[in-house]
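Heads up: the structure comes next, in structure tokens.
Owing to the predicted nature of the structure, the values given are computational and were not obtained by experimental measurement. Nothing fancy with the numbering, it's 1 onward along the sequence.
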Amino acid sequence: MGRDKARRLSGSRHFRQRVVLATLTSTAITIDDIRSGGAAPGLRPHEVSLLHLLHKISDHHSLDLNETGTKLRYKPGVIVGGRDLEHDCGVHRGIGYFLEPLILLGLFARAPISIRLKGITNDTKDPSVDTFRMVTLHMLKQFGVPLEGLELKIESRGAPPLGGGEVFLRVPNINSTLKAANWADEGMVKRIRGVSFSTRVSPQIENRIIYAARGIFNRFIPDVHIFTDHRSGSAGGRSAGYGVSVVAETTTGCLLSADATVSYPNVDEMNEESENLELTSPEDLGVQVASMLLEEVAQGGVVDSAHQGLLFILCALSPPDVSKVRVGQLTPYAIETLRNIRDFLDVKFIIKPDPNSNTVTLKCVGAGVKNLARKTS
């Protein structure tokens, strides 16, 4: 796999995924031309923050970034994990951006990870922390990861632009390898659960969101329960906002999610344009998120479109046994993930579309990545 010689990559695309796969496969990488032609060249603050986070959970690694931030040399070391760690994720991306790498790397660490992450808990760019708590962690049990050691606690909420949220994450490390998954039957939706939140605004907003969402869900299914989570004071972070995350649970235990958030602009930086900005009303937000979830269900597959990339990586990391999964229409991110898996893990998927259900079945033989860090301790 060319582990002695650094693999040369260029551009800023899928930076997070490349760094995570390089770490899991102990592949040294050199990334050139990171936004070198743009007005603001180099790594973005959230990408630098990800490297800082990697530094906290690794040992015997080397990171070398040039002055302009347009070239990175990275030689992975051992993922050591650790207890009582802390990391400030900043306000450029949500905490969800950092959770996926932490979960993947934590499984192959020398010791379990327990870390406190500070920043934005719910935003429009990344999956919310509620989605991770209700869906992503449960997905891991399909690959033999016990749910006992997995935990995500939302200590306080933080909406954009100022954040101020805090979550506590615990990830267990696996003994040797994951388990290959045969996961192709999504079943029928039997219930819908969810949580709506509001920070520094009237708690009545949540009831309006739920009423609108239930108005759509109850046409199809009676078992709908969306909890409320109103946070004020320090537990409400530093910005006002509201949102909702909903999950459809099927008869075969699949979980499909959708979430949406509305945040108020920063009062200090408001200008005429932002004052005239029309925020999505709670009623419209409820209808929007219900429609998004129904769209995910209609697409079919055992995971929603936001989790396709993670699902494929877990399949590729599994033992050299056949993994088989079924998803809805492949997203551009999922397609790029398959390319990165081919480059780093040398795993190729057999992709078979099903024209009747408009779903896609993917099969692969895993690379059998072992938790060697645990063996060396």
(request) Could you tell me which residues satisfy salt bridge (Lys or Arg N to Asp or Glu O under 4.0 Å) with Arg18, sequence neighbours excluded, listed by chain and number? (result) none
Going by atom type alone, with no hydrogens or angles, which donor-acceptor pairs under 3.5 Å involve a side-chain atom of residues 136-154 and a protein atom two or more places apart or on another chain?
from: Thr136; atom 1: OG1; to: His307; atom 2: NE2; distance (Å): 2.7

(request) Answer with yes or no after comparing the ring centroid distance for Phe349 and Phe312 against a 6.0 Å cut-off, counting only values under it. (result) yes
(message) Suppose the criterion is salt bridge (Lys or Arg N to Asp or Glu O under 4.0 Å): which pairs have a residue in residues 282-295, not counting sequence neighbours?
(response) Arg208-Glu283
(message) Quick check against the 3.5 Å criterion: does Asn218 have a side-chain atom that pairs as donor or acceptor with the backbone of Ile221?
(response) yes
(request) If a pair satisfies side chain to side chain donor-acceptor pair (under 3.5 Å) and one of its residues is in residues 187-201, list it, with sequence neighbours excluded. (result) Arg191-Glu249, Arg193-Asp223, Ser196-Glu206, Ser198-Glu206, Ser198-His230
(request) For residues 9-50, pull every pair meeting ring-ring contact (aromatic ring centres under 6.0 Å, His included), keeping only residues two or more places apart or in separate chains. (result) His14-Tyr333, His46-Tyr97
(request) Output the rest of the hydrophobic cluster of Val91: all Ile, Leu, Val, Met, Phe, Trp and Tyr residues reachable through side-chain heavy-atom contacts under 4.5 Å, sorted by chain and number. (result) Ile120
May I have the list of side-chain donor-acceptor pairs in residues 76-89 shorter than 3.5 Å, sequence neighbours left out?
from: His87; atom 1: ND1; to: Lys56; atom 2: NZ; distance (Å): 3.0
from: His87; atom 1: NE2; to: Ser49; atom 2: O; distance (Å): 3.3
from: His87; atom 1: NE2; to: Ser49; atom 2: OG; distance (Å): 2.9
from: Asp88; atom 1: OD1; to: Gly90; atom 2: N; distance (Å): 3.0

(message) Holding to salt bridge (Lys or Arg N to Asp or Glu O under 4.0 Å), I want the full list of residues that pass it with Asp126, two or more places apart in sequence or in another chain.
(response) Arg93
(request) With sequence neighbours excluded, tell me which residues meet ring-ring contact (aromatic ring centres under 6.0 Å, His included) with His92. (result) none
(message) Which residues pass the salt bridge (Lys or Arg N to Asp or Glu O under 4.0 Å) test with Arg231, not counting sequence neighbours?
(response) Asp229
(request) Hey, could you give me each pair passing side chain to side chain donor-acceptor pair (under 3.5 Å) that has a residue in residues 30-39? Not counting sequence neighbours. (result) Arg8-Asp32, Arg35-Glu47
(request) List for me each residue that meets salt bridge (Lys or Arg N to Asp or Glu O under 4.0 Å) alongside Arg342, sequence neighbours excluded, and say none if there are none. (result) none
